[in-house]
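Scroll down for the structure; my scribbles are underneath it.
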Amino acid sequence: MKGSTVYKSIREGGLYLGMLPEKAAAINSSTPITLDHDLDVLPDVGRRLTVAELAGHVDDLAGRLWAAGVRPGEHIVIHKSANSDVWVLATAAGRIGAVPVMLSPALDAATVGALLNRLDQPNLLTDVRKLDALAEVPVADLAQRVIVVAGSRSGAVSLGELAGSPRVEPVLGAQDDPAMITHTSGTTGLPKLVVHTPRTMGERLTPQWRLLSLMRKRETVAIHISFVHSRMFAAMALALLKEMPVLLMNESDPEEVAGLFLENRPGFIEALPNSLMEWEGLADDPRKPFASVKYFSSTFDAIHPRTMSRLVKSSERRGALFFQIYGQSEVGPAVGRAYFRRSAHRANGRCVGWVMPKGCAKVRVVSRDGKRPSEKNPGFIEVAWDGLAQTYFAEQDRYDENRFGDWWRTGDVGYRTKLGCLHMLDREVDMIAGVRSSLEVEDLVLGKMEELSELVVVLGPNSEPVPVICTHDDRPLDRDRWRAAVADFPQLADPVQIPQAELPRTATLKVQRIALSHRLKELLDDRA
């Protein structure tokens with residue numbers, strides 16, 4: 001069986017998570033998967049396995065979940081310590097027709113409790129450590145059953161004790177039935193629960209399928225993204241259907257990452273933008289950990305040109321490029337563009353790309369004030385295609401507020417150039433009077449000051465734009481260099497420097513700008 005044949009069947013019939021490992025094994029049972037960590041739920045499996053072995057483990061865990069009492073159509077919240085077994089367990093849940101609800105391990109207990117309550121008596125699949133962290137949450141009242149991956153806790157079923165449970169036949173729902181739920185970043189409050197279906201998940205494979213098709217030979221794909229994000233499921237589906245060896249990473253420490261890349265020599269890296277920023281320093285590592293990489297890719301936040309340029313230049317592959325895709329949980333990949341070695345440093349970081357070929361998303365920019373959207377008068381960015389998420393669970397009204405017929409309003413503002421390039425300037429809720437684009441300021445200043453590890457412009461206590469900065473190793477800021485770098489932005493207030501570890505972040509490492517703005521007010525009050 002060929003991967004292209006299976007991909008076509010998924011496009012037509014939908015992506016069923018529980019069947020993916022089995023389908024991938026039918027294409028090539030020996031496709032290798034390498035982990036940089038042990039699986040909590042299967043600690044004896046080791047860190048190297050084939051896709052055929054993966055399929056067997058998914059089938060085994062599906063039987064254990066069935067024996068634990070989970071049934072088709074039920075919600076099963078997966079909230080446990082960061083580990084790729086999150087993806088394996090969600091796949092197993094999908095195999096018996098349950099609907100996995102992916103909750104980030106970074107969520108606090110109160111948020112988890114609120115989302116459990118919204119789901120109305122779901123199953124909860126967790127680990128002992130996370131269950132202990134939920135001690136203040138009435139889990140027994142909010143969940144119909146609690147399951148731990150290993151060990152034991154009073155009132156919980158342990159998957160470890162259900163080893164050897166009978167295998168069960170796969171259960172496949174309709175193409176438009178809920179198949180998985182993920183959550184939004186929560187940058188503006190309690191996260192929303194985004195409902196995905198086999199149809200919407202299958203549609204979202206198209207842009208990256210074409211990108212992976214550029215690879216003329218089988219090369220290792222290194223994946224370092226949140227295990228609970230919808231993009232994780234698409235990335236794994238694409239790599240395995242393409243018979244690409246996978247390096248599945250939990251580690252983010254640059255030194256550890258360098259060792260992994262030197263040992264596994266990936267040809268393709270997909271990672272979170274902020275992880276790539278953290279790894280920038282490896283571009284100067286004499287061991288050249290990025291030498292083997294032909295393609296870098298990121299599909300979350302827009303990424304700074306400095307980061308793209310340094311990474312692409314550190315590759316020793318001919319024609320190396322950085323492919324950026326702009327999208328969000330509700331819409332999937334919307335537009336994209338490639339950055340090349342010779343031009344990435346000159347790129348306008350606000351140009352997030354062009355509409356991709358036929359079969360992908362459509363994009364438009366809609367006026368906010370009745371006037372034609374332009375660079376000086378940005379409009380609402382909207383997306384339309386069959387890959388749009390189906391709804392927000394239990395919040396249909398909030399979903400409908402952003403849905404205009406076939407079009408979804410992303411919450412971002414921007415404009416399109418005469419050549420059709422979409423420029424994303426800011427989230428609407430993050431716009432600051434007198435600043436055309438906070439993201440643009442950050443791009444340009446970071447490009448001038450390599451000593452900065454992060455820069456975020458947020459609303460200050462007096463509605464002024466305040467640059468919050470972090471430096472490598474928390475070194476003191478050179479104020480003269482700063483003043484020279486921001487000479488074109490006189491509207492900025494004096495910078496506030498904080499340790500990078502104190503930046504509030506989402507599950508995908510986005511800085512929570514509203515939370516940071518509140519934190520800034522507290523910090524300035526303390527210093528007054």
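Model, not experiment: these values are computed from the prediction.
- In summary, E330 and K192 do not engage in a salt bridge, as defined by a charged side-chain N under 4.0 Å from a carboxylate O.
- Contact check on R481 versus E451 returns a salt bridge, with a Lys/Arg side-chain nitrogen under 4.0 Å from an Asp/Glu carboxylate oxygen.
- Comment: R436 engages E440 in a salt bridge, judged by a side-chain N to carboxylate O separation of less than 4.0 angstrom.
- Side-chain contact check for R372 and S367: no donor-acceptor pair (N or O, by modelled atom type) lies under 3.5 Å.
- Between the side chains of S374 and N377, not a single donor N or O lies within less than 3.5 Å of an accepting N or O.
- Put simply, the side chain of W385 reaches to within 4.5 Å of the side chain of P333, judged on heavy atoms.
- Within 6.0 Å of CG in D176 there are more than 12 heavy atoms belonging to other residues, nucleotides or ligands.
- Using a 3.5 Å distance cut-off with no hydrogens or angles, the side chains of Q324 and S298 do not pair a donor with an acceptor.
- A salt bridge does not link R129 to D127: none of the charged side-chain nitrogens sits closer than 4.0 Å to a carboxylate oxygen.
- In this structure, a donor-acceptor pair under 3.5 Å is present between the side chains of D412 and Y326.
- When only modelled atom types and interatomic distance are considered, H224 and S275 share a side-chain donor-acceptor pair under 3.5 Å.
- In this structure, the ring of W408 has its center no less than 6.0 angstrom from the ring center of F380.
- The pair D386-R199 does not count as a salt bridge, with every side-chain nitrogen at least 4.0 angstrom from each carboxylate oxygen.
- Donor-acceptor pairing under 3.5 Å is lacking for the side chains of N83 and N250.
- Within the 4.5 Å cutoff, the side chain of R505 has heavy atoms near those of the N274 side chain.
- Under a 4.0 Å N-O distance rule, the pair E401/R409 does not qualify as a salt bridge.
- Defined by atom type and a distance below 3.5 Å, a donor-acceptor pair is missing between the side-chain atoms of Q390 and Y399.
- A cation-pi arrangement is absent between R337 and W354 under the rule of less than 6.0 angstrom and at most 45 degrees off the ring axis.
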*asked:* Is there a ring pair (Phe, Tyr, Trp, His ring centres under 6.0 Å) between W482 and F489? Walk through the geometry before answering.
replied: CA-CA 11 Å; W482 170 261; F489 305 109; 9.6 Å; no
*Apply ring pair (Phe, Tyr, Trp, His ring centres under 6.0 Å) to H196 and F233, showing your working.*
CA-CA 11 Å; H196 309 275; F233 295 84; 8.8 Å; no
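- Put simply, the side chain of S309 never gets that close to the backbone of R306: no donor and acceptor are under 3.5 Å apart.
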